[in-house]
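Letters A, B, ... mirror the listed sequences (proteins, then strands); counts begin at 1. On a predicted model such as this, the values are computed, not experimentally measured, just so you know.
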Protein chains: 2
Amino acid sequence: MASHSFSYGTKADQALGLWVKLARVHALMLRLSARDINRYGLTQPQFAVIESLGHLGPMKMKVLGAKMLVTGGNMTVVVDNLEKAGLVERARCLEDRRATWIRLTEKGDGLFKKIFPQHAECVAGALSVLTAKEAGELSRLLKKFGMGLQEKFPDQLR
Amino acid sequence: MASHSFSYGTKADQALGLWVKLARVHALMLRLSARDINRYGLTQPQFAVIESLGHLGPMKMKVLGAKMLVTGGNMTVVVDNLEKAGLVERARCLEDRRATWIRLTEKGDGLFKKIFPQHAECVAGALSVLTAKEAGELSRLLKKFGMGLQEKFPDQLR
DNA sequence: TAGAGATAGTTTAAGTTTCAATTATACTGG
DNA sequence: CCAGTATAATTGAAACTTAAACTATCTCTA
């Protein structure tokens with residue numbers, strides 16, 4: 001990108017270059033995905049909550065947050081908005097009264113079943129710019145990358 | 001991930017799986033990167049602006065926004081905050097009076113020169129969970145992915 | 001050359017994100 | 001048993017993001 005000015009050693013340069021590419025692809029995919037989701041009146045994080053609950057069943061706020069790599073204070077707002085829309089509901093946890101169960105309402109479950117397959121198609125369409133082999137390889141590398149990060153920086157990643 | 005409940009065809013499933021992995025790695029990297037940047041009193045997007053200006057020199061709001069894949073309305077706020085901090089400044093563009101040049105102040109340039117190399121090291125450290133060969137392959141795939149998306153969905157990507 | 005349409009940047013409103021502080025509850029070692 | 005500590009969720013403040021509306025300016029064409 002920057003064809004001039006600075007260089008901080010091959011390794012650091014490569015690393016930054018890769019990070020930029022990763023961020024760029026992520027931003028592009030996020031935009032495509034969000035546009036699709038918006039058509040159903042949901043935001044990206046709202047959809048992520050519905051998707052998690054739809055696939056894995058009711059779970060506590062904390063688990064939901066961990067699944068989304070999002071800090072706690074945040075889930076409250078997202079769930080608040082979904083609750084206002086009548087798509088999820090909170091229920092007291094009896095064994096641990098600090099905790100709260102979140103689950104889809106009937107309406108939420110209906111929405112999930114309706115829009116999820118369409119959204120999956122949308123993502124698949126985007127991914128079709130890669131061959132199956134490339135997608136497989138990319139998937140493998142991303143998995144190793146993610147696991148490696150979790151392992152190497154357990155503290156800095158909360 | 002979801003070991004049960006739903007399946008929407010191998011292709012869509014794989015696509016979603018890859019998208020989840022990509023989002024996860026991005027979130028992890030973003031967190032590491034942001035923690036590092038915060039030590040210098042900057043947010044991630046503020047740093048991105050300083051980095052662009054530091055590497056490529058003064059540019060207009062629009063170009064800055066495009067470089068960051070961010071909608072226009074947004075740059076205004078980020079630049080506002082950087083201007084308040086005395087790190088960048090606006091200057092009227094004489095040829096086109098709708099446009100504005102953004103450039104680093106002396107203070108902003110000093111900060112850039114000081115923190116950029118350290119941040120590059122931080123990113124390189126994170127990336128070291130992959131071998132050089134893997135990093136090269138990942139970089140290639142991400143590049144192809146990103147270019148492919150831009151080519152296939154020019155409209156949906158603004 | 002005047003008017004129509006495009007463009008650069010700002011503003012506004014709603015949502016998301018993080019961090020830090022707070023509340024309520026649970027756990028645990030002396 | 002109970003004081004100290006840890007945990008689950010919420011709240012509040014500051015920043016970011018988007019989309020849409022708006023202002024000012026430019027450009028192109030009839």
Side-chain angles (χ1 to χ4, degrees), chain A residues 23 26-28 30-50 59-85 87-102 156-158, chain B residues 23 26-28 30-39 41-50 59-85 87-88 90-102 156-158:
Chain A
H26 178 261
L28 291 171
L30 190 61
R31 188 162 294 175
L32 283 177
S33 169
R35 296 276 161 88
D36 183 55
I37 290 168
N38 290 163
R39 297 189 298 138
Y40 309 109
L42 294 175
T43 66
Q44 176 82 34
Q46 287 171 351
F47 178 78
V49 167
I50 290 191
M59 59 186 89
K60 296 175 187 171
M61 290 291 273
K62 173 128 198 216
V63 178
L64 209 44
K67 208 154 275 301
M68 256 163 267
L69 285 177
V70 140
T71 52
N74 198 353
M75 289 311 311
T76 302
V77 187
V78 177
V79 170
D80 279 352
N81 287 325
L82 285 172
E83 200 170 25
K84 272 182 217 153
L87 296 170
V88 309
E89 55 193 4
R90 286 175 162 91
R92 252 301 157 69
C93 172
L94 300 177
E95 308 85 57
D96 183 345
R97 301 198 313 181
R98 295 170 301 182
T100 313
W101 286 100
I102 315 296
Q156 284 125 98
L157 297 170
R158 188 174 15 146
Chain B
H26 178 262
L28 292 170
L30 190 62
R31 188 163 292 174
L32 282 175
S33 169
R35 294 277 160 86
D36 183 55
I37 289 168
N38 291 162
R39 297 189 298 139
L42 293 176
T43 66
Q44 176 82 35
Q46 286 170 352
F47 177 78
V49 167
I50 291 191
M59 59 185 89
K60 296 177 186 170
M61 291 291 272
K62 172 129 198 215
V63 178
L64 208 45
K67 209 154 275 302
M68 254 162 271
L69 282 177
V70 139
T71 51
N74 198 356
M75 288 312 309
T76 301
V77 186
V78 177
V79 170
D80 279 352
N81 286 325
L82 285 172
E83 200 171 25
K84 273 181 215 150
L87 297 170
V88 308
R90 286 175 163 92
R92 252 311 160 64
C93 172
L94 300 178
E95 306 85 56
D96 182 346
R97 302 197 312 182
R98 295 169 301 181
T100 313
W101 286 100
I102 314 296
Q156 283 124 102
L157 297 170
R158 189 173 19 142

Within the pair A:Asn81 and C:dA14, is there a side-chain N or O less than 4.0 Å away from OP1 or OP2?
->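 It does not, given that no N or O in the side chain of A:Asn81 lies less than 4.0 Å from OP1 or OP2 of C:dA14.
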Is B:Thr43 near enough to D:dC16 that one of its side-chain N or O atoms lies under 4.0 angstrom from OP1 or OP2?
->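 Yes, B:Thr43 has a side-chain N/O under 4.0 Å of OP1/OP2 on D:dC16.
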For [X] and [N], what is the distance between atoms [atom1] and [atom2] respectively, to the nearest whole Å?
{"X": "A:Leu28", "N": "D:dT18", "atom1": "CG", "atom2": "P", "answer": "12 Å"}
{"X": "B:Leu69", "N": "D:dC16", "atom1": "CG", "atom2": "P", "answer": "17 Å"}
{"X": "A:Glu95", "N": "D:dT7", "atom1": "CD", "atom2": "P", "answer": "19 Å"}
{"X": "B:Leu64", "N": "C:dT10", "atom1": "CG", "atom2": "P", "answer": "11 Å"}
{"X": "A:Leu94", "N": "D:dA8", "atom1": "CG", "atom2": "P", "answer": "17 Å"}
{"X": "A:Asp80", "N": "D:dG12", "atom1": "CG", "atom2": "P", "answer": "12 Å"}
{"X": "B:Glu83", "N": "C:dT10", "atom1": "CD", "atom2": "P", "answer": "9 Å"}
{"X": "A:Asn38", "N": "C:dA14", "atom1": "CG", "atom2": "P", "answer": "16 Å"}

Across the strands shown, which category fits [X] at heavy-atom distances under 4.0 angstrom: base, sugar-phosphate, nothing?
{"X": "A:Gln44", "value": "nothing"}
{"X": "B:Thr76", "value": "base"}
{"X": "B:Arg92", "value": "nothing"}

Toward the 5' end of DNA chain D, by each residue's nearest nucleotide, A:Asn74 or B:Val77 =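 Its nearest nucleotide lies further toward 5', so the answer is A:Asn74.
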As a test of reading the structure: which of [options] is closest to the side chain of [X], going by heavy atoms?
{"X": "A:Arg90", "options": "D:dT10, D:dA15, C:dA8", "result": "D:dT10"}
{"X": "B:Val78", "options": "D:dT17, C:dT17, C:dG9", "result": "D:dT17"}
{"X": "B:Pro45", "options": "D:dT17, C:dT16, D:dA9", "result": "D:dT17"}
{"X": "B:Lys62", "options": "C:dG15, C:dG9, D:dA9", "result": "C:dG9"}
{"X": "A:Arg35", "options": "D:dA9, D:dT17, D:dA19", "result": "D:dA19"}
{"X": "A:Arg98", "options": "C:dT25, D:dC26, C:dG9", "result": "C:dT25"}

Could you give me the CA-CA distance, side-chain angles and deciding distance for A:Val49 and A:Met75, then say whether side chain to side chain contact (heavy atoms under 4.5 Å, CB included) is met?
-> CA-CA 9 Å; A:Val49 167; A:Met75 289 311 311; 3.7 Å; yes
Does a salt bridge link B:Asp80 with B:Arg90, judged by any charged N lying under 4.0 Å from a carboxylate O?
->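 Salt bridge flag = yes for B:Arg90 with B:Asp80.
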Which value, rounded to the nearest 0.5 Å, describes the distance between B:Lys60 atom NZ and B:Asp96 atom CG?
->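 Result: 6.0 Å between the selected atoms.
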Starting at CZ of A:Phe47, measure out to CG of A:Asn38 and round the result to the nearest 0.5 Å.
->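 One gets 11.5 Å once the value is rounded to the nearest 0.5 Å.
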Base of C:dT25 paired with side chain of A:Arg97 (donor-acceptor, under 3.5 Å) |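 By the distance-only test, no, there is no pair.
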With A:Ile37 as reference, evaluate A:Ile50, A:Thr43, A:Leu32, A:Leu42 under the side chain to side chain contact (heavy atoms under 4.5 Å, CB included) test and give the passing residue.
->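 So the option named by the test is A:Leu42.
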Using a 4.5 Å cut-off on heavy atoms from C-beta on, say whether the side chain of B:Met59 contacts that of B:Ile102.
->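 Side chain of B:Ile102 against side chain of B:Met59, heavy atoms only: no contact under 4.5 Å found.
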